[in-house]
Structure formats: C-alpha cells, structure tokens
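Report on the following structure.
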Amino acid sequence: MNLQPILGNFALILFVLMVITGIIWCLDTFYLAKQRRRAADAALREYDTRNAKLVADGIKVDHNGNRAAIEQAHLRQPTWIEYSGSFFPVIALVFILRSFLWEPFKIPSSSMVPTLLVGDFILVNKYTYGIRLPIVNKKIIQINNPQRGDVMVFKYPKDMNQDYIKRVIGVPGDKITYEDKRLTVNGKPVEYTALDDYLDDQHPIYHKQFVEKLPSPGGLTQHRILNTADKRNIDLGSVDNFPLRENCEYTYEKFTCVVPEGQYFMMGDNRDNSADSRYWGFVPDRNIVGKAFVVWMNFSNPKRVGGIQ
C-alpha cells in the first residue's frame, strides 16, 4: 500500500521553512530590533530637542500623541519580518511533533482491509521504535523493536520517497512459511478462526475472513485478515529479484523465508490483494517510520475512529 502523508512528503520543506523563518526571527530579535530601538531613541531625542526649543520660544506643543506615533513608526517590524516571526514557532512545533512524536497519514488503498479502510486518517507513533533524525531517518536512540502483529509504516525499499503500511509478520531470525493461505512461524502453525465472509464496499466481492493469532512476546496478537478463494498463494511472475532473496524459497504452493538480521517481513491483511514482502522483499530497520496506533478520522465513516489492532 502506497501511503502518502496528509500534506505529502514534506519533511524537508518543513525543515527548510523552519530554518529560514528561524534565522529571520533570530536576526530580528538579536540585531534588527535593537537597531530599530536605537533609531527610535534617536528620533525621540531629536523630537524632544525640537519641542524644547519651541516651548522656549513660547509655542505650545503636544508632547504625547506625536511622540508615541514617532516611536511606534520606528519600532514597527517590516511585514516580511513580522510574518516570519509569527510563522516560525508554528512551523517549528509542527516539525518537532511530526518528526519525533506523531505523523498523520491517509490510507489510499485496500491492502490492509479490514484493519484499515481507504480514506482512514491514521496517526503513527514516531518514537516507539527509537528516536530518529528527521529527513535522513537515522536512529540515534534505541527504544523498542517491532514485534509480530505490529502495524508499521516504513519507507518502501524500492522507492524511499514512498511510505508503505503493512503488518509485521516476521522479525529477525524468524522462519516464515505461507502455504494454503496459512502462516507458519518458526515451525509452529498460526491459529485461525473463521468469521462471516467480508463484503468489500469498493468491489461487490465477498472475501473469506479469519481472525489470525500471531505469536508475539506478549502472547498472541489477534487481528482480522481476508483471503480470496480463487487466487493462488502467490503470483510467482510478480516476485522481484530483491536483495537477500536467497533467504527465500518459492513454489506455486508455498514460500518460505528466513528473515535476515536487521530486516522485517511484512504482509498486508488483505492477503490476496497486497504487494508486500512476498514480492519485493524484506524491510530494513533503517526504513522504519513508526507504528500506526489510531484511526482519528474517516470522513465517509466517522465510526471508524479508534485504536488499530
């Protein structure tokens, strides 16, 4: 699933704007404002000197109104400085929140149905898997590692400008087998419970629906998945020659992959309608963006708001 942020991939744009407005704000605060203050003081001294001479000559003058207007005129910020100073704290706050805490995304496709629907607006926790430098996405502080069952956003390995969202199926060292549309993790078959068929709202098609119970350190992670009865386990013609493909074995009936160190195996919940690690390979740790944890809005279906399982 190609996942695009609400305002596009604009971390670099935000950073540049923050730097430019920040430089202007600092320049004004520590230099230009002082210059305007000196100019205002000089103008006021000149005004006072002129008024004192007029009073000495017996001419009555207004000491307050004109003096205040002169001071205000000299202290007034130019428009470009005023706007930059106003925007800087807002841009900086958005940049910090988006880079280190939470980032919004909108779901554009159906590869994660039924967990995530087209049009869902989600929030992604940026610090769950460690603190990363914005733009370069380099981890500087380790916190947690992705676990099986997590819904994770990451940079698409074939195009780092695209953000994808899938579910973590395999972590480093795992042996993942997919046969008869059932997963086996490290030699243990994953448990499935059949549910009523799922009707796809976008396409008049019923899908087989199951609760999948993935083993994880905290127990079993349960979530719903979909299968399409008339589709194969995998389309071998669509499998790329991805890095570390030697860790995988493919046949028409099944595939098996051993997840390399520092890599993750991802699959969509809409199993037969998802381009994922089966086709384009593993996701390196350096590509991780964060963990999706809540749907905060869906304009066509407000009842969608809530946590992500």
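Numbering of residues begins at 1 and proceeds along the displayed sequence. These numbers were taken from a predicted model, which means no experiment stands behind them. For the numbers below, each heavy atom of this structure counts, side chains included, while hydrogens, waters and symmetry mates do not.
Take R224 and apply the salt bridge (charged side-chain N to carboxylate O under 4.0 Å, His left out) test, not counting sequence neighbours, and it matches no residue. With sequence neighbours left out, K139 forms a salt bridge (charged side-chain N to carboxylate O under 4.0 Å, His left out) with D285. The side chain to side chain donor-acceptor pair (under 3.5 Å) test applied to D41 returns R37, not counting sequence neighbours. Listed by chain and residue number, nothing satisfies the side chain to side chain donor-acceptor pair (under 3.5 Å) test with T79 (two or more places apart in sequence, or in another chain).
Hydrophobic clustering, with ILVMFWY side chains joined whenever heavy atoms are under 4.5 angstrom apart, groups V94 together with I13.
Ring geometry, Y178 versus F255: the interplanar angle falls from 30° to 60°, so the pair is classed tilted. Note: W280 and F154 have tilted aromatic rings, judged against thresholds of 30 and 60 degrees for the angle between ring planes.
A side-chain donor-acceptor contact under 3.5 Å links N125 to the backbone of Y127.
The stretch residues 86-187 participates, sequence neighbours left out, in no disulfide bond (SG atoms under 2.5 Å apart) pair at all.
A cation-pi contact, defined as under 6.0 Å to the ring centre and within 45° of the axis, links R182 to F210.
Ring to ring, F121 and F299 are close: their centroids are under 6.0 angstrom apart.
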Could you pull out every donor-acceptor pair under 3.5 Å between side chains of residues 15-29 and any protein atom, sequence neighbours left out?
| residue | atom | partner | partner atom | Å |
| --- | --- | --- | --- | --- |
| T21 | OG1 | L17 | O | 2.7 |
| T21 | OG1 | M18 | O | 3.3 |
| D28 | OD1 | R36 | NH1 | 2.7 |
| D28 | OD1 | R36 | NH2 | 2.9 |
| D28 | OD2 | Q77 | NE2 | 2.8 |
| T29 | OG1 | W25 | O | 2.8 |

